[in-house]
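Have a look at the structure below before the remarks.
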Amino acid sequence: MKKVFKSLFFTSVIVFSFGLSSCSNDLSGANDIDENVVQEEALVGMDEFESKAYPVLESLSRLSESYDSADTRTKEASSDSIDQLVDKLTEYSIDAFSENGIDVVAEFGSDKDPRIALCGMALIEYHELSQATRASFGGCVLEGSE
């Protein structure tokens, strides 16, 4: 069961990092379309959460890329560091959910559940997509070929 979870987690990290690299180039200009439109920030503390989570996600992505080709000792060492990184991401996710009024213990049954880290990744993705507009998807797979 633990192997299945780790492989699902690695797959989601790789997909998440690919999504960030392919679509995050022009998200900074998302609010330049109409300066008169004021958008309320639906999620609190996301900038701080993203700044803490991105280095962890990048480390997880690097470790997951080399995990399959590593020997047994390297896998054991990588597994320990992956567990530490997942714990750190879980901790950051709990803080972000708490700031937004979500009780993770009530939702997940424990504050040690690694699914919290996956939901934290989904929260980051939701926040970035909610800030984007149709014009901000340049350079992404959604952009048509000319």
For this session: Return the minimal non-hydrogen interatomic distance between Pro55 and Ser51, and the atom names on each side.
Result: CD-O, 3.3 Å
For this session: Hey, could you give me each pair passing side-chain hydrogen bond (donor to acceptor under 3.5 Å, both in side chains) that has a residue in residues 96-113? Not counting sequence neighbours.
Result: Asp113-Arg115
Problem set entry | Distance (rounded to the nearest 0.5 Å) between Leu57 CG and Leu85 CG | 9.5 Å
Problem set entry | Least distance between heavy atoms, Ala117 atom then Ser93 atom | CA-OG, 3.9 Å
Problem set entry | salt bridge (charged side-chain N to carboxylate O under 4.0 Å, His left out): pairs with one or both residues in residues 46-61, sequence neighbours excluded | Glu48-Lys52
Problem set entry | side chain to side chain contact (heavy atoms under 4.5 Å, CB included) between Leu43 and Met46, worked out | CA-CA 6 Å; Leu43 298 171; Met46 287 304 296; 3.4 Å; yes
Problem set entry | Beyond-backbone contact of Leu118 with Met121, side-chain heavy atoms, under 4.5 angstrom | yes
Problem set entry | Interatomic spacing from CG in Asp83 to OG1 in Thr90 - rounded to 0.5 Å | 10.0 Å
Exercise. Phe108 and Cys119: which non-hydrogen atoms are nearest, and at how many Å?
Worked result: CZ-SG, 3.5 Å
Exercise. Can you list the steps and then say if Phe49 with Asp95 is a side chain to side chain contact (heavy atoms under 4.5 Å, CB included)?
Worked result: CA-CA 8 Å; Phe49 174 50; Asp95 293 342; over 6 Å; no
For this session: Kindly compute the distance separating OG (Ser81) from NZ (Lys88), expressed to the nearest 0.5 Å.
Result: 10.5 Å
